[in-house]
> 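If you scroll down you'll find the structure; I have some questions about it.
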Amino acid sequence: MIQIKLKGDVIREYEPGTTVADVAKSLGAGLFKAACAGKADGKVVDLRTPLTESCALSILTFDDEEGRKAYWHTSSHILAQAVLRKIPGAKFAIGPAIDSGFYYDFDLPAPLSPEDLAGIEDEMKRIIKEDVLIERFTLTPDEAVRLMEEYGQPYKVELIREHAGKGEPISFYRQGDFTDLCAGPHLLSTGCIKAVKLLSATGAYWRGDASKAMLQRIYGVTFPKASALEEHLTRLEEAKKRDHNLLGRQLGFFTTNELVGQGLPLLMPKGARVIQTLQRFVEDEEEKRGYLLTKTPLLAKSDLYKLSGHWGHYKDGMFVLGDEEKEGEEVFALRPMTCPFQYMIYKADMHSYRDLPLRYGETSTLFRNEASGEMHGLIRVRQFTISEGHLICTPEQLESEFAGVVDLIKFMMRTIGIEEDISYRFSKWDPNDTEKYIGTKEMWDETQRDMRRILDRLGIDYTEEEGEAAFYGPKLDIQMKNVHGKEDTIITVQIDHSLAERFDMTYVDQNGEKKYPYIIHRTSIGCYERTLAMLIEKYAGALPLWLCPEQARILPLSDRFQDSAQGIRDKLRAAGIKAEVDMRSEKVGYKIREAQLEKVPYMLILGDKELESGTVSVRSRKEGDMGTKTPEEFIAMARAQIDSKAID
RNA sequence: GCUUCCGUGGCUCAGUUGGUAGAGCAGCGCAUUCGUAAUGCGCAGGUCGUCGGUUCGAGUCCGACCGGGAGCUCCA
């Protein structure tokens, strides 16, 4: 007998060879029905796995992340089986579970129409109803290749050939007429899936490589209960309503124009005001922290970028002015970053170790010629303005300067209220990508070791990603997901031990020797356009009071009150509160409705009652009627909120 | 850049098998002067993204380009 330690440290004895499914069954019919996979001594296992030795076992259900992954992975196989039935000649690539469901990539003879998708979804429901048994079996690599060649599946053959070297048997899962190469785990039968929805069909490159074939990807999601699917779909709909690309336009924050061009949003008065508020806040805070403001040109001769390495590594991403081919013509380029400009400021003087650290900050407008399919609202644009900065320091100062930058960033994130929504990524180079990166392996090993040590000491909880570094150094990227679940970098901090030498930036140390300093590239709040986009989505347009482009709107009950309304508006403005009056001859209900839709934080209603008592009726966008206050009381309340940068 | 879907007045959309455009909101005018999410009436507004093709005739069919959405790739 073997001893299995279950939930709550309960130990039960089983015959050796008992499967995970058997154990689940012995614990209860309900658990067996809900079981998606098992976890034996911390390792995720298939329900079919026979237990040969004593271990700690937990049964994973849809409520566990790993159980959910197995559930969705099985769903992707059902999708593939449905495609096989509906589209003869379909070739299968890969079909994993993802955080929000699953997808499967296919090579199909014709593009998928929405009707095709509906037909495939119906077929999936049929397969589920048939409750097809799912079986696991293994083959040697040679047998596996032969089987997949027989099925006419070249992508699977390619995958098997790659695995073959490991000398392990290749596992397959078969459900009726469909057999797929797969490591598992999987549910026991197709009937375990209850509610299905196919969400979209799009393109995706084989192996994520743009030089390889474009496949068709179908995204879907499934749940054990129809109501859970409904809720999920409702959530997706709700999320779309927060989309900054929609809401930001509705609220009059920005617009785009065909004649102006792709990726070139026009910030309208309200959006421009929000960004101005953020920018003033950032510049003031940086000044307090010892940053030196610079203002450098938006373009430079190509020679500067040749020196920085951008001409070699980043030319496709730059807007180049002038014709390189023409003899003797000067060629310029709009700047894609601020680095070399601030370096030239550093180089304008001789520096002693006593001068360091030097912290340069600039509200910097950058231009990047992104490929046409990359642009998205305010998140990915061709011209943007970033709180850019470079810290020049000695090796001894690197850690404390880095810590200072992280402290500033955390302060910014806390202030705008997104501290809980971000994650940290340690972005490293890819040693095999010689095209992309400059510098030696020793240099990379050293700076990455330095950065890791600093991150660990700062207690930052980060993930690691290879091949995401800047071409000159590793990065700490601060990531945030947009409303569609897509992650973007909003802030980045980089350690650079390579460009100082390239630019011959030196300082004189205690011994009178010239040394190359470390450079920290950083932004404190990111680029304003992208940060604004994230704020719109985070707050569904209802920004914290201090950031609102219109903080109070006075609503005179009838035309008779217009003069006094303007008087109150002027009082508020004098107190630094952004106030307007709705002068239209409309009913107050109508004015309130509009102000609510425009997310104006406070509405001040003015009629006979208020005029007599020298007050206004205050309505908050969030709490509704707040009763009457004198203008002075309202100003005091609003100012307190604004000055503390309160997050509602 | 790639795959796919889409493009009708400022916005949201309708427009049947090709027969030369319609609604609501917004705007403007008039009336109304109103108490916490839409007052009524009227007026004006579109060479149907652009260019080319098929056709007696194109918003409707075809192509190219421009722009937008989703995904992929890319993102110093």
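Quick caveat, the model's predicted, so the values are computed rather than measured.
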> What is the nucleic acid contact for A:Asp209, judged by heavy atoms within less than 4.0 Å: base, sugar-phosphate only, or nothing?
nothing
> With rounding to whole Å, what would you report as the distance between B:G22 and B:U32 at their C1' atoms?
30 Å
> Whole Å only: how far is the CZ atom of A:Phe106 from the P atom of B:G71?
19 Å
> Does the cation-pi check pass for A:Arg335 over A:Phe341, that is, NZ or CZ under 6.0 Å from the six-membered ring centre and within 45° of its axis?
yes
> N/O contacts under 3.5 Å, protein versus nucleotides 3-9 of chain B?
| residue | atom | partner | partner atom | Å |
| --- | --- | --- | --- | --- |
| B:U3 | O2 | A:Gly203 | N | 3.4 |

> Can you tell me the pairing partner of B:U50 across any strand shown, Watson-Crick or G-U wobble, with both distances under 3.5 angstrom?
B:A64
> Rounding to a whole Å, what distance do you find between A:Asp582:CG and B:G35:P?
16 Å
> From C-beta outward on A:Leu597, which listed nucleotide comes closest to its side chain: B:A37, B:G27, B:C34?
B:A37
> If the threshold is 4.0 Å, N to carboxylate O, is there a salt bridge linking A:Arg584 and A:Asp559?
no
> Going by modelled atom types, is there a donor-acceptor pair between the base of B:G35 and the side chain of A:Glu610 at under 3.5 Å?
yes
> Work out how far the C1' atom of B:G18 is from that of B:C72, and round it to whole angstrom.
37 Å
> Indicate, with a heavy-atom threshold strictly under 4.0 Å, whether A:His521 touches base, sugar-phosphate, or nothing.
nothing
> Name the pairing partner of B:U4, where a pair is Watson-Crick or G-U wobble with both distances under 3.5 Å, or state none.
B:G69
> Can you tell me the distance, in whole Å, between the CZ atom of A:Phe561 and the P atom of B:U36?
14 Å
> Identify which nucleotide among B:G69, B:U33, B:A38 has an atom closest to any side-chain atom of A:Asn245, counting heavy atoms from C-beta outward.
B:G69
> Classify the side chain of A:Ser617 and the base of B:G35 as holding, or not holding, a donor-acceptor pair under 3.5 Å.
yes
> Can you tell me the distance, in whole Å, between the OH atom of A:Tyr590 and the C1' atom of B:A38?
7 Å
> If you count heavy atoms of other groups shown closer than 6.0 angstrom to NZ of A:Lys347, is the number above 12?
yes
> With nearest nucleotides of RNA chain B determined for A:Gly377 and A:Gly317 from heavy-atom distances, which residue corresponds to the more 5′ nucleotide?
A:Gly377
> Between A:Met318 and A:Gln596, which is nearer to the 5' end of RNA chain B once each is assigned its nearest nucleotide?
A:Gln596
> Touch check for A:Ser200, heavy atoms < 4.0 angstrom, all strands: base, sugar-phosphate only, or nothing?
nothing
> Distance check, P atoms only: B:G10 and B:U47, in whole angstrom units.
9 Å
> Using whole Å, what does the distance between atom C1' of nucleotide B:G67 and atom CG of A:Leu266 come to?
14 Å
> Looking for any heavy atom pair under 4.0 Å, which part of the strands does A:Lys475 touch: base, sugar-phosphate only, or nothing?
sugar-phosphate
> Could you tell me whether A:Arg584 contacts a base, only the sugar-phosphate backbone, or nothing, with contacts defined as non-hydrogen atoms closer than 4.0 Å?
sugar-phosphate
> B:U16 and B:C2: how far apart are their P atoms, nearest whole angstrom?
32 Å
> Report which part of the nucleic acid A:Tyr472 touches: base, sugar-phosphate, or nothing (heavy-atom distance under 4.0 Å, all strands).
sugar-phosphate
> Between the base of B:G1 and the side chain of A:Tyr205, is there any donor-acceptor pair under 3.5 Å?
yes
> Evaluate the ring planes of A:His310 and A:Tyr305, with Trp represented by its six-membered ring, and classify them as parallel (under 30°), tilted (30 to 60°) or perpendicular (over 60°).
perpendicular
> Does B:A26 have a Watson-Crick or wobble mate here (both distances under 3.5 Å), and if so which one?
none
> Please measure how far the P atom in B:G49 lies from the corresponding atom in B:U8, and state the result in whole Å.
6 Å
> Is there a Watson-Crick or G-U wobble partner for B:A44 with both distances under 3.5 Å, and if so, which one is it?
none
> With a 4.0 Å cut-off on N to O distance, would you call A:Arg560 and A:Asp608 a salt bridge?
yes
> To the nearest angstrom, how far is A:Gln262 atom CD from B:G49 atom P?
18 Å
> Of all the nucleotides listed (B:G68, B:A37, B:G35), which has the minimum atom distance to the side chain of A:Ile592?
B:A37
> With a 6.0 Å cut-off (strictly less than), is the heavy-atom count around NZ of A:Lys306, excluding the residue itself, greater than 12?
yes
> Suppose you measure atom C1' in B:U12 against the same atom in B:U73; what distance do you get, rounded to whole Å?
34 Å
> Would you classify A:Gly589 as touching base, sugar-phosphate or nothing, given that sugar-phosphate means primed atoms plus P, OP1 and OP2, and contacts are heavy atoms under 4.0 Å?
sugar-phosphate
> Go ahead and name the base partner of B:G9; Watson-Crick or wobble counts if both distances stay under 3.5 Å, otherwise write none.
none
> Using a heavy-atom cut-off of 4.0 Å across all strands, would you classify A:Gly208 as base, sugar-phosphate, or nothing?
sugar-phosphate
> State the CG-CD distance between A:Leu606 and A:Gln566, to the nearest 0.5 angstrom.
11.0 Å
> In whole angstroms, how far is the P atom of B:U73 from the CG atom of A:Asp430?
15 Å
> Any idea which of B:A38, B:G1, B:U33 is nearest the A:Ser558 side chain?
B:U33
> Looking at B:G35, B:U73, B:G69, which one has an atom nearest to any side-chain atom of A:His376?
B:G69
> Nearest to the side chain of A:Arg619, which nucleotide is it out of B:C74, B:U36, B:C34?
B:U36
> Verify the ring-centre separation between A:Phe503 and A:Tyr343: is it less than 6.0 angstrom?
yes
> Name the pairing partner of B:U36, where a pair is Watson-Crick or G-U wobble with both distances under 3.5 Å, or state none.
none
> Is there a donor N/O on one and an acceptor N/O on the other, under 3.5 Å, for the side chain of A:Arg380 and the base of B:C74?
yes
> Identify whether the distance between the nearest side-chain nitrogen and carboxylate oxygen of A:Lys240 and A:Glu237 falls below 4.0 Å.
yes
> Does any nucleotide pair with B:G57 by Watson-Crick or G-U wobble geometry, both distances under 3.5 Å, and what is it?
none
> Can you tell me how the ring of A:Trp206 sits relative to the ring of A:Tyr155, calling it parallel under 30°, perpendicular over 60° and tilted otherwise?
perpendicular
> Under 4.0 Å between a side-chain N or O of A:Arg368 and OP1 or OP2 of B:C74?
no
> Heavy atoms under 4.0 Å, any strand shown: does A:Glu586 hit a base, just sugar-phosphate, or nothing?
base
> Whole angstroms only, please: what is the CG-P distance between A:Asp488 and B:C74?
14 Å
> Using the P atom as the reference point in each nucleotide, state the distance between B:G24 and B:C41 in Å, no decimals.
10 Å
> Does a side-chain heavy-atom distance below 4.5 Å link A:Arg452 with A:Glu464?
yes
> At what distance, to the nearest 0.5 angstrom, does CZ of A:Phe471 lie from NE2 of A:His313?
6.0 Å
> For the C1' atoms, the ones on B:C34 and on B:G40, what distance do you get once it is rounded to whole angstrom?
13 Å
> Between B:A37, B:A70, B:C74, which nucleotide gets closest to the side-chain atoms of A:His484?
B:A70
